[in-house]
Amino acid sequence: MQKQKKKKSATNVPRTITKTECRSLTSLSLIMASRICDSVLVTGSNRGIGLELVRQLIDSPSPPVHIFAGCRDPNGPRSQDLQELAQKSQDVIKVVQLDMTSSTSIAEASKLVEAKLNGKGLNLIINNAGVNIPGSLAETGKCEMVEVYTTNVVGPMLIAKDFHPLLCKAAAQFPHQTSMSCRRSAVINVSTLLSSITRCPENFSISPMYPYRVSKAALNMLTRCLAEDFRKDGILVMSLHPGWVQTEMGGPKAPLTTAESISGMMKVITNLTEKDSGSLLDWEGKNIPW
């Protein structure tokens, strides 16, 4: 008697992927590749540049899994637009109480973010919160200098310090990757052209603003120091100038809308690599001298 050959189970027969399925998988891969990061913290997100950052992040083809929107007074009238935006995307946007002048507030925010990430790291911090007290030398005193410096320099320094463990954890989630990127782990400090010591003679007479200029120049040094300090951890750190934007700080005569500025910034942030760590770029990706 001849032994009958066993029929192969249908489950063992490889199935050919259809063209439609292939296109779907390709589209999914492109969307995943376009995701700027899995998790991001944006400070000063209740208005202006910060609010538009959150809006464009959530509206991107593949938004982050977690968007932490930090602001000083989440329940105040100036945060109404942010709360409405968060209400529409409750599963992604988490509004976080974050006062850049309070070390306690920053520490509590880091604990909240850590709990929400549930064991994962934080990929990206955009230190956008900042203040400006316009003033000539005659109009500027100790109070103005200290107030602006505290928010624009000390705040970002404490953010980097308290969130450093979460940034390290994010970088470590890419064990086979040595290159730096915002998708892996990064800190973006929002700076300004007015921080450039080299370019100061070109624009000082138009905008003296002693507290703002000096604080942002100090922020650039903080960026440079953090870039060197965090290099061993695989964390990218750089400063980014959003341009002269139509915000409460920039005024109505500014040439850029918030949408135009953030659209450019998003492209720059997405394409950052280790060569950009420790640099100052503008919203178009052009280098600004220190």
Side-chain angles (χ1 to χ4, degrees), residues 40-45 47-53 70 100-101 124-134 145 147-161 163 180 182 186-204 206-230 235-251 254-256 258 260-272 275-290:
V40 55
L41 166 67
V42 181
T43 69
S45 62
R47 58 193 176 97
I49 289 172
L51 181 62
E52 185 62 27
L53 272 166
M100 298 295 282
T101 66
L124 176 61
I125 295 174
I126 303 178
N127 272 319
N128 164 73
V131 295
N132 177 25
I133 301 177
M145 288 297 291
E147 181 180 341
V148 174
Y149 190 90
T150 300
T151 299
N152 293 0
V153 187
V154 179
M157 185 274 292
L158 291 175
I159 288 281
K161 178 182 176 182
F163 284 85
M180 295 181 184
C182 291
V187 178
I188 309 296
N189 291 323
V190 176
S191 189
T192 171
L193 174 65
L194 301 182
S195 69
S196 173
I197 295 172
T198 302
R199 301 284 292 274
C200 183
E202 301 172 15
N203 51 44
F204 178 77
I206 303 171
S207 306
M209 297 192 291
Y210 272 79
Y212 188 66
R213 283 180 178 271
V214 174
S215 69
K216 289 296 187 177
L219 178 67
N220 290 345
M221 177 54 84
L222 175 66
T223 294
R224 195 70 169 146
C225 290
L226 290 173
E228 295 306 313
D229 200 5
F230 289 3
I235 302 168
L236 184 154
V237 187
M238 59 86 66
S239 288
L240 187 56
H241 166 48
W244 184 12
V245 188
Q246 295 169 17
T247 61
E248 187 176 312
M249 186 182 294
L256 288 173
T258 53
E260 291 168 338
S261 170
I262 302 310
S263 177
M265 288 175 67
M266 293 279 281
K267 291 176 184 175
V268 174
I269 291 171
T270 302
N271 293 302
L272 290 174
K275 69 178 177 58
D276 302 304
S277 194
S279 67
L280 170 60
L281 304 178
D282 69 11
W283 78 103
E284 294 179 314
K286 297 175 183 177
N287 186 270
I288 299 175
W290 295 120

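Residue numbers count from 1 along this sequence. No experiment lies behind these values; they were computed from the predicted model shown. Keep in mind that the numbers below use all heavy atoms, side chains included, and drop hydrogens, waters and symmetry copies.
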Inset, instruction - Report yes or no: do Thr223 and Ser239 form a side-chain donor-acceptor pair below 3.5 Å? - result: yes
Inset, instruction - Flag the pair Ile159 / Met100 as yes when at least one side-chain heavy-atom distance between them is below 4.5 Å, and no otherwise. - result: yes
Inset, instruction - Flag the pair Met238 / Ser277 as yes when at least one side-chain heavy-atom distance between them is below 4.5 Å, and no otherwise. - result: no
Legend entry - With Asn127, the side-chain contact (heavy atoms from CB on, under 4.5 Å) member among Val237, Val187, Leu240: Val187
Legend entry - Met265 side chain reached by Ile262 side chain, heavy atoms, under 4.5 Å: yes
Inset, instruction - Just grab all the salt bridge (Lys or Arg N to Asp or Glu O under 4.0 Å) pairs involving residues 208-225, residues at least two apart or on different chains. - result: none
Inset, instruction - Flag the pair Val214 / Tyr149 as yes when at least one side-chain heavy-atom distance between them is below 4.5 Å, and no otherwise. - result: no
Inset, instruction - Without swapping roles, check the side chain of Thr43 against the backbone of Asn128 for a donor-acceptor pair under 3.5 Å. - result: yes
Inset, instruction - Please answer whether the main-chain N or O of Thr192 pairs with a side-chain N or O of Ser195 as donor and acceptor at a distance below 3.5 Å. - result: yes
Legend entry - Flag side-chain contact, heavy atom, 4.5 Å: Val40 against Leu53: no
Inset, instruction - State, with a plain yes or no, whether a side-chain heavy atom of Leu256 is found less than 4.5 Å away from one of Trp283. - result: yes
Legend entry - Sub-4.5 Å side-chain heavy-atom contact between Thr258 and Leu51: no
Inset, instruction - For the pair Asn271 (side chain) and Lys267 (backbone), establish whether a donor and an acceptor sit closer than 3.5 Å, ignoring hydrogens and angles. - result: yes
Inset, instruction - Check whether any side-chain heavy atom of Ile288 lies under 4.5 Å from a side-chain heavy atom of Asp282, and answer yes or no. - result: yes
